[in-house]
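Here the structure comes first, spelled out in structure tokens, and everything after it is commentary.
Starting from 1, each residue takes its place in the sequence as its number.
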Amino acid sequence: MTIQQISSFAAGEWIAPGAGARNIASAITGDVIASAGNNDLDVQGMLDYARNVGGPALRKMTFHERAKMLKAVAAYLGKHKQAMYDLSFETGATQNDHLIDIDGGIGTMFVFASKGRREMPDGHVYLDGDVEQLSRNGTFLGQHICTPLQGVAVHINAFNFPVWGMLEKVAPTLLAGVPCIVKPATNSCYVTELCVRLMLESGLLPAGAIQLVSGGLGDMLDRLGMQDVVSFTGSAQTAMKLRSNPVILENSVRFVAEQDSLNGSILGPDAQPGTPEFDLFVKEVQREMTTKAGQKCTAIRRIIAPENTVQAVIEALSARLAKTVIGDPRLETTRMGALVSNGQKRDVLEKAAIIGQEAERVFGDPDAFDVEGADAEKGAFLPPMLFHCANPDSAERVHDTEAFGPVSTIMGYRDVDHAIELANKGLGSLVASVITHDPAVARQVALGSGAYHGRLYFNNRDSMKESTGHGSPLPHMVHGGPGRAGGGEELGGVRGVTHYMQRTAIQGSPDILSAIGEKWVPGATEIKADAHPFTRRYGELAIGETMHTAARTVTLDDIEHFANFTGDTFYAHMDDAAAERNPFFPGRVAHGYLLLSFAAGLFVEPNEGPVLANTGLDNLRFMKPVSAGDSIKVRLSVKKKTQRNDEYGEVRWHVTLTNQDDELVAEYELLTMNAY
């Protein structure tokens, strides 16, 4: 058998294994299939290459350009995922496991690409929050901005998801404008290496954007500075060792950790046998125990059920687990493959023995189980193992020992408060799930247990058909957890991107804030153009370009006509005496939406032109009522521009309505699509 040489990609070159290389065995056969590692890697050269080549190239791009890059890379990987499937079988993963790892990783890149285009500016500065008025007249303002760190992100990943584990960190890092060095776990690094090769072969990433260490990092962490980030996934023991590195502590290097987590799942007291929720609960637990052979950071380790249902859950779950076909993951009939290595198999058995000191194994015998198409002794195969802890209050190991494989422990609770207490005994997890049809139970758990978990997943008959599952971290939502889970956060949409950026408070005049944020701030210089702004194409409009309209008087006939025409005959518009009794009105007043309609009539250019559509109205506020006889005028300013494609872009207009005394009547933001 040819042993594959797994290379590193350092400073623009592929470096083959060398001194210190270690062998990698197939999870299926136990035979050596690859070799990886090189103690002579120039780690300082890699850091310099990322900081001096990759960083400047990425920062030159706007958020939208980086988002388009991510989308293109994801599409390229999607065309070549079969090659990754074929290789990933050797990790013990089944075809369904590939969909979580490989397709899930690609899908995560697509989501971040979409969020980058929709939720981040087509510029270089991300604005965090609203402008703060720091002076009476508005000449001195404050704003929080986020800009890319000017260092490198070192990603240290676990063995269980060689593709998703990399891409879920790479996507927000590159979108932020920061280069990364990826260090996968050696046991499955051959799949990660192929994925990195594909990304580089696509030609879509700038030089230095991504590098790969197959094997050990050497002393790379000793060379990090305050602009760098370490993002780690793995055991709590390793996280503690890395986090306590003196250089990381001295330089306040950002350290994001996702580590051991004894996730729990609570069966609600209403979910008795025979209910849809009971069946859903058993199905979810069985899936989490067997997917990736239980090698998931989000897998259910503790099953928390009402005491009167424990035996029913054991019987129903055992029946489902008994149908799990264990074997060569390349076989279509296989439902659970092998653990990643025989070393991992030994570790799981050791941890299961520790759990067995406080709990009875009620399903699964590691010394007697069937394996199809492979040798159970040579491969890293184990059966699902279910334990029952009769005394969860006095037990300790079931709440602090994670067997990272197909192992879970069921325990009973007396009432919801007791279930919360047991869930919190894990001292921090990535996810806890609650299967209940009772909203009151869900609220009670959220209030009592939310502080102990990074994610709470509720499911029942109403959501079960569309839910994504207890163990599925989604790029839209935060992935991480407090305490034992590491105290970190990943994903979470734009939140995940800002982990790789510096939040800075800026203070200055409206013109200064407008220039830095590429977004017009009220009070900044107004630009006057000769032509009506609605006659000007997207590329011709300038930030701050402003139009002031003539005034229009609002009459009593206008108010009554609008009321009768629309059916909005609210008393404040029709009954003078009733309106006077309202502390907000001086008497009958104009409808707010009448004022918006009149405002549009004042600033709209009626002829065909580059304005293609009005697509929205944001942040509408009415400040002062308008009575019959008052007049209104409009100021319309280009606040922000966002290119959507080569044909048109979005223009965000800041609109203010003032009365005859120049008092602010209403304010809002208008969105239009303008031809490019």
Exercise. Using the side chain to side chain contact (heavy atoms under 4.5 Å, CB included) rule, pick out the option among Thr436, Asp417, Val434 that qualifies with Val445.
Key: Val434
Quiz item: Does a donor on one side chain sit under 3.5 Å from an acceptor on the other, for His470 and Ser265?
Solution: no
Self-check item: Within-4.5 Å side-chain heavy-atom neighbours: Val163 and Lys81
Solution: no
Quiz prompt | Point-to-point distance, once rounded to the nearest 0.5 Å, from CZ of Arg59 to CG of Leu149 | solution = 9.5 Å
Quiz item: Can you check side-chain contact (heavy atoms from CB on, under 4.5 Å) on Met120 and Arg66, steps first, answer last?
Solution: CA-CA 11 Å; Met120 304 189 81; Arg66 295 194 288 264; over 6 Å; no
Quiz item: Is there a side-chain contact between Leu58 and Met61, using heavy atoms and a 4.5 Å cut-off?
Solution: yes
Practice problem: Return the minimal non-hydrogen interatomic distance between Ala352 and Phe387, and the atom names on each side. | Solution: O-CZ, 3.7 Å
Practice problem: Please tell me if the side chains of Arg484 and Glu402 come closer than 4.5 Å, counting only heavy atoms from C-beta onward. | Solution: no
Quiz prompt | Intermediate values then yes/no, side-chain contact (heavy atoms from CB on, under 4.5 Å), Val43 and Asp219 | solution = CA-CA 7 Å; Val43 295; Asp219 64 351; 3.2 Å; yes
Exercise. Can you sort out the partners of Tyr85 under ring-ring contact (aromatic ring centres under 6.0 Å, His included), two or more places apart, ordered by chain and number?
Key: His98
Quiz item: Any side-chain heavy-atom pair from Ile300 and Asn263 closer than 4.5 angstrom?
Solution: no
Quiz item: Are the side chain of His399 and the backbone N or O of Leu427 linked by a donor-acceptor pair below 3.5 Å?
Solution: no
Practice problem: Identify, with sequence neighbours excluded, every residue that meets salt bridge (charged side-chain N to carboxylate O under 4.0 Å, His left out) alongside Arg443. | Solution: none
Quiz item: So do the side chains of Tyr49 and Val152 get within less than 4.5 Å of each other, counting heavy atoms only?
Solution: no
Quiz item: Would Gln295 and Phe159 satisfy side-chain contact (heavy atoms from CB on, under 4.5 Å), going step by step from the backbone distance to the final call?
Solution: CA-CA 9 Å; Gln295 299 170 116; Phe159 63 78; 3.3 Å; yes
Practice problem: Check for a donor-acceptor pair, side chain of Ser261 on one end and backbone N or O of Leu430 on the other, with a separation under 3.5 Å. | Solution: yes
Self-check item: Of Arg503, Met501, Gln143, the residue whose pairing with Asp128 passes side chain to side chain contact (heavy atoms under 4.5 Å, CB included)
Solution: Arg503
Quiz item: If every non-hydrogen atom of Val256 is compared with every non-hydrogen atom of Glu489, which pair is closest and at what distance?
Solution: CG1-O, 3.5 Å
Exercise. Sequence neighbours left out, what passes side chain to side chain donor-acceptor pair (under 3.5 Å) with Thr468? Give chain and number order.
Key: none
Quiz item: Can you check whether Ser88's main-chain N or O pairs, donor with acceptor, with Thr91's side chain at less than 3.5 Å?
Solution: yes
Self-check item: Arg51 bridged to Asp228 by N-O distance under 4.0 Å
Solution: yes
Quiz item: Using a distance-only test with no angle check, is there a side-chain donor-acceptor pair under 3.5 angstrom linking Thr94 and Asn96?
Solution: no
Exercise. Can you sort out the partners of Lys351 under salt bridge (charged side-chain N to carboxylate O under 4.0 Å, His left out), two or more places apart, ordered by chain and number?
Key: Asp347
Quiz prompt | Whether over 12 other heavy atoms sit under 6.0 Å from Lys68 NZ | solution = yes
Quiz item: Is the backbone N or O of Asp97 less than 3.5 Å from a side-chain atom of Asp101, with the two atoms forming a donor-acceptor pair by type?
Solution: no
Self-check item: Closest non-hydrogen atom pair between Phe112 and Pro475, with its separation
Solution: CE1-CB, 3.9 Å
Quiz item: Under 3.5 Å, side chain of His453 to main-chain N/O of Val431, donor-acceptor pair present?
Solution: no
Quiz prompt | Rounded distance [0.5 Å steps], CD in Glu65 versus NZ in Lys60 | solution = 10.5 Å
Self-check item: Contact summary for Leu262 and Thr401, nearest pair of heavy atoms
Solution: CD2-O, 3.4 Å
Quiz item: Can you find a pair of side-chain heavy atoms, one from Pro121 and one from Glu518, that are under 4.5 Å apart?
Solution: no
Quiz item: Within the distance-only criterion (no hydrogens, no angle test), does the side chain of Gln44 pair as donor or acceptor with the backbone N or O of Arg223 below 3.5 angstrom?
Solution: no
Self-check item: Point-to-point distance, once rounded to the nearest 0.5 Å, from CZ of Phe161 to CD1 of Ile100
Solution: 5.5 Å
Quiz item: Less than 4.5 Å apart, any side-chain heavy atom of Val230 and any of Leu224?
Solution: yes
Quiz prompt | For Pro473, all residues meeting side chain to side chain contact (heavy atoms under 4.5 Å, CB included), sequence neighbours excluded | solution = Trp164, Thr298, His479, Leu491
Exercise. Step through the shown structure and confirm whether more than 12 heavy atoms of other residues, nucleotides or ligands are within 6.0 Å of CZ on Arg118.
Key: no
Self-check item: Rounded distance (nearest 0.5 Å) linking atom CZ of Arg302 with atom NZ of Lys425
Solution: 9.5 Å
Exercise. In plain terms, say whether Arg197 and Glu193 are close enough for a salt bridge, that is, a side-chain N and a carboxylate O under 4.0 Å apart.
Key: yes
Practice problem: Would you kindly say whether His418 and Asp393 are connected by a side-chain donor-acceptor distance under 3.5 Å? | Solution: yes
Quiz item: What distance do Ser188 atom OG and Asn160 atom CG have between them, rounded to the nearest 0.5 Å?
Solution: 7.5 Å
Quiz item: Is there a donor-acceptor pair closer than 3.5 Å between any side-chain N or O of Asn251 and the backbone N or O of Val253?
Solution: no
Quiz prompt | Donor-acceptor under 3.5 Å (Gln344 side chain, Ala380 main chain) | solution = no
Quiz item: Could you go step by step and tell me if Tyr413 and Ile420 meet the side-chain contact (heavy atoms from CB on, under 4.5 Å) rule?
Solution: CA-CA 9 Å; Tyr413 70 83; Ile420 292 170; over 6 Å; no
Quiz item: Just by distance, do the side chain of Ser114 and the backbone of Phe110 share a donor-acceptor pair under 3.5 Å?
Solution: no
Quiz item: Taking side chain as C-beta onward, heavy atoms only, is Ser8 less than 4.5 Å from Asn38?
Solution: no
Exercise. Report, as yes or no, whether the 6.0 Å neighbourhood of atom CE on Met477 holds more than 12 heavy atoms from other residues, nucleotides or ligands.
Key: no
Quiz item: Between Thr233 (side chain) and Ala158 (backbone), is there a donor-acceptor pair under 3.5 Å?
Solution: no
Quiz item: Which heavy atom of Gly294 sits nearest a heavy atom of Arg301, and at what distance?
Solution: O-NH2, 2.9 Å
Practice problem: Using a cut-off of 6.0 Å, state whether more than 12 heavy atoms not belonging to Gln502 lie near its atom CD. | Solution: yes
Quiz prompt | Gap separating the NZ atom of Lys169 from the NE2 atom of His155, nearest 0.5 angstrom | solution = 7.0 Å
Quiz prompt | Least distance between heavy atoms, Cys189 atom then Ile24 atom | solution = SG-CD1, 3.8 Å
Pairs under 3.5 angstrom only: tabulate donor-acceptor contacts from the side chains of residues 174-184 to other protein residues two or more places apart or in another chain.
residue : atom : partner : partner atom : Å
Lys183  : NZ   : Gly215  : O            : 2.8

Quiz item: Cut-off 3.5 Å, side chains only: do Glu490 and Ser231 have a donor facing an acceptor?
Solution: yes
